Amino acid sequence: MLIFDVLLALLILGLAWMSVSSRDLFEAVVLFIALGLMIALAWMRLQAPDAALAEAAIGAGLAGALLLATLSRLDRQTDVSPRRVSVAWSLIWLGLAVGLVLAFAQLPRTGEGLMPDVMANMEQSGVGHPVTAVLLNFRAWDTALELAVLAWAWFAQQALNREQHPGFLALQGHVLTSSAKILAPLLVLVGGYLLWRGADATGGAFQAGAVLAAGLVLYSLSFKADLPYDGWQGLGLRFLWLAGFWLFALVGLVGFALGLGFMGYPPAQAGALILLIELFATLSIALLLAAMFSGVSERRSAA
């Protein structure tokens, strides 16, 4: 396995270099997707299945779909002019690489870390999986801010997307539409399973939300159907986009009122509160990612 790990590391470095140095935008996006899949495999080799699943679904799958959707709105460009690399910049990047290698080399090779503290408090966390306990209880602030950053990214996209243009290039076809009718419901079931199993095994809101977003993207590509932005349906969607973050804040305030500190959960209700937060976080993640893929501004309704 040592040979496999070395080859995997070299492949990741090679794909990373080719994706940033490619002169063809489409080729760069494809290389970026392949890079994400190799990084997911590396996370599996590091025995981190939660990170591997998130990387495969979001880092490679949906991020690649977003880049391809953006590329469809741009003119295909190929830079055939020779590139000149500054010696100064080369030395800077080389210095950073050497510094990272030295920093990793000085890390302690043994140490318990925070895992003993996490395992000692698992009964109070309300869940049976240490990763979920850390992300949704012990360090819930981090996850709440991740949802806020995702919502901010969508608002930023809407601010930049002032022009009226199709959100994506539909790819209708009998094979794709027939497959979508089968795969979209299956992705909903897989997303629900990942959400439910996240309390005791690999899974959770981000993984489930990414799978549900993939189902929405597949449906949009197959049937040229966009998320509703008008009327009560549009208002409901906008509420769900932010519901994950605001529910985090609301539960945090309840814990503060009970004297448990902000983001503190009563141990008896911790499991139910975490499941409620993950449910709304899953919906927020799925709808925000799907909306960023379609990229259609709400202003289009005024046209």
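These numbers come from a predicted model, not from an experiment.
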Minimum side-chain heavy-atom gap V20-F32 below 4.5 Å: no

Check: L212 and L216 side chains under 4.5 Å, non-hydrogen atoms: no

Shortest non-hydrogen contact between L276 and L247, atoms and distance: O-CD2, 3.6 Å

More than 12 heavy atoms from other groups under 6.0 Å of CE on M38: yes

Stepwise side chain to side chain contact (heavy atoms under 4.5 Å, CB included) check, L189 with Y193: CA-CA 6 Å; L189 291 177; Y193 174 78; over 6 Å; no

Gap separating the CZ atom of F280 from the CG atom of L242, nearest 0.5 angstrom: 13.0 Å

A208 to G191 - nearest heavy-atom pair and separation: CB-O, 3.1 Å

Heavy-atom pair with the smallest gap, counting every atom of S284 and G244: OG-N, 2.9 Å

Single-linkage hydrophobic cluster L147~W141, side-chain heavy atoms < 4.5 angstrom: yes

Cluster check I12, I33: I/L/V/M/F/W/Y, side chain < 4.5 angstrom: no

Residue pair V254 / P266, side-chain heavy-atom distance below 4.5 Å: no

Inter-residue atom distance Q269.CD - L275.CG, 0.5 Å rounding: 14.0 Å

Minimum side-chain heavy-atom gap L195-L279 below 4.5 Å: yes

Separation between CG of L253 and CG of L258, rounded to the nearest 0.5 Å: 11.0 Å

Linked, directly or transitively: I39 and W17 (ILVMFWY side chains, under 4.5 Å): no

Rounded distance [0.5 Å steps], CG in L145 versus CZ in F248: 9.5 Å

Path from L11 to L37 over hydrophobic side-chain contacts below 4.5 Å: yes

Approximate separation, where rounding is to 0.5 Å, of L53 CG and L194 CG: 6.0 Å

Main-chain N/O of P267 paired to Q124 side chain as donor or acceptor, under 3.5 Å: no

Verify same cluster id: W43, L15 (apolar side-chain graph, 4.5 Å): yes

L136/V127 under side chain to side chain contact (heavy atoms under 4.5 Å, CB included): CA gap, chis, key distance, verdict: CA-CA 9 Å; L136 274 301; V127 294; over 6 Å; no

Minimum heavy-atom distance A270-N137, with the two atoms named: CB-ND2, 4.3 Å

Within-4.5 Å side-chain heavy-atom neighbours: L289 and I285: yes

Residues, nucleotides or ligands: over 12 heavy atoms within 6.0 Å of L10 CG: yes

Nearest atoms (heavy-atom pairs only) where A213 meets A290: CB-N, 4.3 Å

Which atom of G215 lies closest to which atom of A184, heavy atoms considered: O-CB, 4.5 Å

L35 side chain near L31 side chain, heavy-atom distance below 4.5 Å: no

Minimum side-chain heavy-atom gap L41-F4 below 4.5 Å: yes

Heavy-atom side-chain contact between F206 and T143 under 4.5 Å: yes

Side-chain donor/acceptor of S19 to backbone N/O of A16, under 3.5 Å: yes

OG1 on T132 to CZ on F138, rounded to 0.5 Å: 11.0 Å

S125 side chain vs A133 backbone, donor-acceptor pair below 3.5 Å: no

